[in-house]
Every structure is written in structure tokens, then in C-alpha cells.
Amino acid sequence: MSQQRANRPKGPAGEQYHIGLKPKDVARRILLVGDPARAAAIAKRFDSIRPGFPKTHREFVTFTGIWKGLDVTVMATGMGPDNTEIAVVELLRCVETPDIIRVGTCGALRADMKPGDLVITTGAVRLENTTAAFVEPGFPAVANHEVVLALSSAAASCGHRHHVGLTATAPGFYGWQGRDHEVLKGRFSELPKQLADQGVLNLEMEASSLLVLAHLLGCRAGAVCAVFANRATDVFLEAGQRAKAESHAIDVGLGALQFLARMDKERGKAPRWVIAPSP
Ligand code: R1P
Ligand code: URA
């Protein structure tokens, strides 16, 4: 048996080291979520789940199946930009140029954004340093324009209240999102307001990592998040209302995959990244 390389470790059956998947396990259309329960909720909507799924390794939980005729993979990554980096790197070793959409939750920064609303990310402020290993400090984390269009079209056709704009991706939930604490005095208590003053809509913990890596690897990516917190008014969505908000984000994430599939079909052999004119 050949010696494994430290750069590209694999599991005992040749699967990716952390996500536990092989190329045959991953569809070209991928949804990433933080919470494993959300991955299961998405898979529940599939017409069929492939035998052998879910596949679980460490905190990564994956379902691949068919939804409305599309092969779809949904993976729970757990929380944070570093987990997202591992997921994206290893997924891209399984499948070439996938479409990847994050379906997450977030804290809204403006008082007029209601808990339960959705936020579609056009770009993300890189408060994390995971992506600093790949690009310089001023490098933008931009969502693919076709994915933004697909997500906003899906949100409009579902009739879900949504906002489209900038996100900030933090490497933590408490200190880096300026949350106060009984004992710990954070350094960033003003950050949510500063970001809001700069027109940033929401704070979460994965988008910029996904967007930068997807850009570098040449695949389309974007994010839609359900608003669980409003940081301006200091309210958090009641436990009983969270499933509905997540379900709206799932409607939009899945709906966007369908829009992208339709765009690709209309485009035919025209170059990728260019949206075909409507007939
Ligand atoms: C924090 O509660 C977690 O929720 C958000 C944040 O980005 C972070 O991962 O997203 P998910 O609900 O997708 O995990
Ligand atoms: N997820 C976050 O990262 N922040 C919030 O405020 C809510 C959900």
C-alpha cells in the first residue's frame, strides 16, 4: 500500500479525511448548512435519498438524493469559517465546479429587519481569518451573480420577506459578534452598529469562507440566511418560530438550485457565467 501524503489525507476506504465522502457520493448541486438537524429537514423534502445516506463523519453529516428531478447533496458542516474551509476543499476533491449554496441563520443588524425574514448575501465582510490563508486582506468575498439572482427570484416566487445585500462573517458568535457577557468584556461591542452604519445587513459565521474559496476554485456560490436575531432591537426569535424561518430559507435554497438548473438549460452551450437572454 502506498504511503498517504500529509497534504491529502484519506480515510481507510479512500474517502475524504474529514467529510468521509468519495466522488460518487456528491452531487453537483450542494446545500451547506451549519446544523445537522437542518440537513435532515432538507433531506426530508427529497423524493428519494440514496441508499447508504446519511453519511456521518465527525461533525459532517451528508445526505445525497433527488429533489424535483435534481441530484442534490446537503451537508451540515457545523459552525464556523474553518469548518466551512474543510468542507469546501474536500467537496471540491469529490466534484468539479459544483454550485454551492449556504442555507443558514444569522443576526440582522438593522431595526427594520424582522426575525423570520431572509437575507440573501451579495458579498461578505471577512472578519474571519480562515480566508487570509489564501487571499490578501482587501480581497472581496463576493457571491456569484447568478446565484444571487437565483436566490432572489426563488424568494420572490415563494413570497418570503427578504433583503439582499452585504453580510459580515465572524469567526465566533459571542466576542466577534459584539455580544455582552456577565464577566467577559469583549473588544467589539460597537461592531454590530458600525457594520449597520456601513450598510451591512447581517452577521453570521460561514459565508465569506465559502464565497472566497468557491471563487478561487471556479464554482458558483451564494448564501441565504433566516434572521434569528435582531441585534439593533436585541430580540431573538422564539424557539417555536425558528423551524418556520428555517423552512423559508430552505424553500429559497432549494428553489435557487432549480432556477440555476433552468438558467443552465437555457444557456445551452453559451459560455458559463453569462446569463442567457430570455426568449
Ligand atoms: C451560530 O448560532 C450558528 O448559526 C449560524 C451561524 O453562522 C453559526 O454557524 O448558521 P447556521 O444556523 O447555519 O449554523
Ligand atoms: N447566527 C449568528 O451567527 N448570529 C446570530 O446572531 C444568529 C445566528
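The figures here come from the full heavy-atom set of this structure, side chains too, leaving out hydrogens, waters and symmetry mates. Both ligands and their constituent atoms are indexed starting at 1 by order of listing.
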Nearest option to atom 11 (P) of ligand 1, as decided by whichever heavy atom of Met79, Arg242, Arg38 sits closest: Arg38
Any Glu246 heavy atom less than 4.0 Å to ligand 1: no
Nearest neighbour of atom 4 (O) of ligand 1 from the list Thr105, Asn202, Leu203, Thr167, on a heavy-atom basis: Thr105
Glu128-Ser208 side chain donor-acceptor pair, cut-off 3.5 Å: yes
Contacting atoms of ligand 1, where contact means under 4.0 angstrom from a heavy atom of Gly104: 13 (O)
Check: Thr77 main-chain N/O paired with Asn83 side-chain donor or acceptor under 3.5 Å: yes
Atom indices of ligand 1, in the order listed, that fall short of 4.0 Å to a heavy atom of Glu204: 7 (O)
Residue and atom name of the nearest protein heavy atom (relative to atom 9 (O) of ligand 1), distance in Å to one decimal: Glu206 OE2, 2.6 Å
Check ion pair Arg29-Asp264 (N to O, under 4.0 angstrom): yes
Test: Arg28 and Glu96 ion pair at under 4.0 Å: no
Nearest non-hydrogen protein atom, atom 14 (O) of ligand 1: Gly34 CA, 3.2 Å
Residues lining ligand 2 [heavy-atom distance under 4.0 Å, listed by chain and residue number]: Thr105, Cys106, Gly107, Phe173, Gln177, Arg179, Leu203, Glu204, Met205, Ala229
Ring centroid separation His57 to Tyr17 under 6.0 Å: no
Donor-acceptor contact below 3.5 Å, side chain Glu190 vs main chain Lys193: no
Under-4.0 Å salt bridge between Glu136 and Arg126: no
Polar side-chain atom of Glu15 near backbone of Lys22 as donor-acceptor pair, under 3.5 Å: no
Closest protein heavy atom to atom 10 (O) of ligand 1, given as residue, atom name and distance to 0.1 Å: Arg102 NH2, 2.9 Å
Check: Gln194 side chain, Asp197 main-chain N or O, donor-acceptor pair, under 3.5 Å: no
Test item: Asn129 side-chain N/O and Ala132 main-chain N/O as donor-acceptor pair under 3.5 Å: no
